[in-house]
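None of the values given here were measured: they were computed from a predicted structure. Chain identifiers are assigned alphabetically (A, B, ...) following the order of the sequence lines, protein sequences preceding nucleic acid strands; residue numbering begins at 1 within each chain.
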There are 2 protein chains.
Amino acid sequence: MATKKQKINRHSRVRSDHRTELAEDYVEAIADIVDASGTCRAVDLAQQFQVSHVTVNRTISRLERDGYVTTAPYAPIELTKAGRRLAETSQQRHEVVFQFLLAIGVGESAAAADSEGIEHHVSPETLAAMKAFLDEQ
Amino acid sequence: MATKKQKINRHSRVRSDHRTELAEDYVEAIADIVDASGTCRAVDLAQQFQVSHVTVNRTISRLERDGYVTTAPYAPIELTKAGRRLAETSQQRHEVVFQFLLAIGVGESAAAADSEGIEHHVSPETLAAMKAFLDEQ
DNA sequence: AGGCAAATGTAGCACAGGCTACACATCGAT
DNA sequence: ATCGATGTGTAGCCTGTGCTACATTTGCCT
Ligand SMILES: [Mn+2]
Ligand SMILES: [Mn+2]
Ligand SMILES: [Mn+2]
Ligand SMILES: [Mn+2]
C-alpha cells in the first residue's frame with residue numbers, strides 16, 4: 001500500500017511545533033553557552049531563559065529522556081550527537097528568520113524578539129522562500 | 001517616578017505570546033463559525049481544532065473566566081465585546097501574515113499552516129513591516 | 001408521544017512546564 | 001582545613017491542555 005499522505009490539520013501542526021520548541025531553544029542555548037564559556041551549567045540556562053533552576057532541571061530531564069543531552073550529578077550539561085545536530089539546524093533556521101526580519105525593515109530588537117517565537121513555525125518551504133529573498137537582495 | 005521601561009527577555013516574550021495564543025485562535029474560530037452558520041457549538045470547535053469536546057469545554061471555561069465568551073448549559077457559545085474585539089484584531093493580523101507569506105512565494109498550503117503559528121509572535125513593528133511590504137508590491 | 005442519535009456535561013487521569021522552600025554538595029578564599 | 005557563597009537536588013504545589021469513559025440532555029424522526 002502507498003504511504004498515507006496524512007493531511008495534518010493546521011492547528012495540530014502548531015501543537016506539534018510547540019512540542020519541539022523548548023528542545024530546540026535549549027540545545028541552541030547550550031551550544032551557545034558551551035561555545036562562549038567552555039561548559040554549560042544549569043544556572044546559565046536559568047539566567048538565559050529567566051526561569052528557576054528547578055524548571056531547568058525538569059526540562060533537562062526531558063531532554064535527556066529524549067536523547068538530546070547527557071547529565072551527571074553536579075556535572076555540566078553535554079549535548080549528544082543528536083543534540084548537536086538539532087542545535088545546528090535550529091541555529092541556522094533561527095539566523096535566517098532573524099536576518100529576514102531585518103531585511104524587510106524590522107529593527108534589531110523586535111527582530112530578535114519575534115524571531116525567537118517565529119522560528120519554530122517556519123516550514124522548510126517558508127525557510128526556502130526567506131533564503132531566496134535574502135539572496136535576491 | 002518615570003514608568004519603568006521593563007526590558008523583557010525574549011524567551012519570556014515567547015512564553016507570554018503562548019499564553020494568549022489559544023484565546024486568539026478560539027475567538028477567531030468562534031467568529032468564523034458564527035459568520036458561517038449562525039451559531040457556534042462546542043462540537044464545531046472540536047472539529048476545527050481536532051481535539052476532544054472535553055478539551056474544548058475546559059478551554060471555553062478559561063475563555064469565559066477571562067471575559068472573552070459567555071456560555072450557558074447546552075447553549076451556543078457567544079463572544080463578549082472583548083471577545084469580538086480580540087477576534088477582529090487576531091483575524092486582521094492573521095490575514096496580513098498569510099498574505100505576506102504568499103507574497104514572498106510560499107504556497108497556499110504551507111502559508112496557511114505556517115501563518116497559524118507565526119501570527120502569535122508577530123509584534124506590531126513586524127506587522128507594520130509586513131503591511132508595508134504588501135503595499136509596495 | 002417515544003425513542004434514538006448527537007451534543008453536552010462530569011469524573012478522573014496524564015504530562016508539560018511553571019513556582020517556592022528546603023536540603024545537600026562543591027569550590028574558592030582565607 | 002574550614003567556612004560561606006554558590007550551585008544543585010528534591011519535595012510538593014499549581015495551571016494549562018490533552019485524553020477516555022460514562023452520564024445526562026436535547027432535538028429530531030417516526
Ligand atoms: Mn525560539
Ligand atoms: Mn489564527
Ligand atoms: Mn494561530
Ligand atoms: Mn509558538
> To the side chain of B:Val51, which of C:dT8, D:dG7, D:dC19 is closest?
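Selected nucleotide (nearest to the side chain): D:dC19.
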> Please list residues of residues 14-23 of chain B whose heavy atoms come under 4.0 Å from any atom in DNA chain C, ordered by number; otherwise none.
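Hits under 4.0 Å, by residue number: B:Arg15.
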> Between D:dG7 atom P and A:Ile33 atom CD1, what is the distance in whole Å?
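That distance rounds to 13 Å.
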> Got a donor-acceptor contact below 3.5 angstrom from the A:Asp17 side chain to the B:Gly117 backbone?
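Absent.
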> From CD1 of B:Ile60 over to C1' of D:dG18, roughly how many Å is that when rounded to an integer?
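After rounding, the reported distance stands at 15 Å.
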> Does any N or O in the side chain of A:Arg93 come within less than 3.5 Å of the main-chain N or O of A:Glu119, such that one atom is a donor and the other an acceptor?
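Pair found, side chain donor or acceptor close to backbone of A:Glu119.
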> Can you tell me the distance, in whole Å, between the CD atom of B:Gln47 and the C1' atom of C:dA7?
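B:Gln47 atom CD is separated from C:dA7 atom C1' by 14 Å.
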> Which nucleotide sits closest to the side chain of B:Pro73: D:dG16, C:dG9, C:dA16?
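Among D:dG16, C:dG9, C:dA16, the one nearest the side chain of B:Pro73 is C:dG9.
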> Indicate yes or no: does B:Asp114 engage A:Arg10 in a salt bridge with an N to O separation below 4.0 Å.
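Looking at B:Asp114 and A:Arg10, the cut-off is not met.
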> Go through C:dG9, C:dC19, C:dT26 for me and flag the one nearest to the A:Arg58 side chain.
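The answer is C:dC19.
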> Measure from CG on B:Asp25 to C1' on D:dG16 and round the result to the nearest Å.
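Atom CG in B:Asp25 sits about 15 Å away from atom C1' in D:dG16.
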> Between A:Gln99 (side chain) and A:Leu134 (backbone), is there a donor-acceptor pair under 3.5 Å?
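No, the answer is negative, given that no donor and acceptor are paired below the 3.5 Å cut-off.
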> Could you walk me through whether A:Arg62 and A:Asp66 satisfy the salt bridge (Lys or Arg N to Asp or Glu O under 4.0 Å) test, starting with their C-alpha distance in whole Å, then the side-chain angles of each, then the deciding distance to 0.1 Å, before giving a yes or no?
CA-CA 6 Å; A:Arg62 284 192 299 275; A:Asp66 296 342; over 6 Å; no
> Could you work out which one of D:dT17, C:dT8, C:dG18 sits closest to the side chain of A:Thr55?
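Among the listed nucleotides, the one closest to the side chain of A:Thr55 is C:dG18.
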> Between B:Arg62 and D:dT15, is there a side-chain N or O to OP1/OP2 distance below 4.0 Å?
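No, because none of the side-chain N or O atoms of B:Arg62 sits under 4.0 Å from OP1 or OP2 of D:dT15.
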> Send over the distance from B:Asp44 CG to C:dA7 P, rounded to a whole Å.
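From B:Asp44 CG to C:dA7 P: 9 Å.
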> Whole Å only: how far is the OH atom of B:Tyr74 from the P atom of D:dT24?
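Going from OH in B:Tyr74 over to P in D:dT24 covers 10 Å.
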> If you check every side-chain atom of A:Ser52, which of D:dT8, C:dT10, C:dT20 has the closest atom?
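Nearest nucleotide to the side chain: C:dT20.
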> Whole angstrom is fine here: how far is it from CG in B:Asn57 over to P in C:dG12?
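Between P of C:dG12 and CG of B:Asn57: 17 Å.
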> In terms of hydrophobic clustering (I, L, V, M, F, W, Y; side-chain heavy atoms under 4.5 Å; direct or indirect links), are B:Ile118 and B:Phe100 co-clustered?
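They do share one cluster, since a chain of ILVMFWY contacts under 4.5 Å joins B:Ile118 to B:Phe100.
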> Give the rounded distance in Å between these two atoms: CD of A:Glu24 and P of C:dA16.
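It is 16 Å, rounded to the nearest whole Å.
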> Taking donor-acceptor contacts at under 3.5 Å, does the side chain of B:His53 reach the base of C:dG9?
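When only heavy-atom distances are counted, B:His53 does reach the base of C:dG9 through a donor-acceptor pair under 3.5 Å.
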> Please check if the side chain of B:Ser61 supplies one atom and the backbone of B:Asn57 the other of a donor-acceptor pair under 3.5 Å.
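Flag set: sc B:Ser61 to bb B:Asn57 pair under 3.5 Å.
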> Pick base, sugar-phosphate or nothing for A:Val54, based on heavy-atom distances below 4.0 Å to the nucleic acid.
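Answer is base: heavy atoms of A:Val54 come under 4.0 Å of a base.
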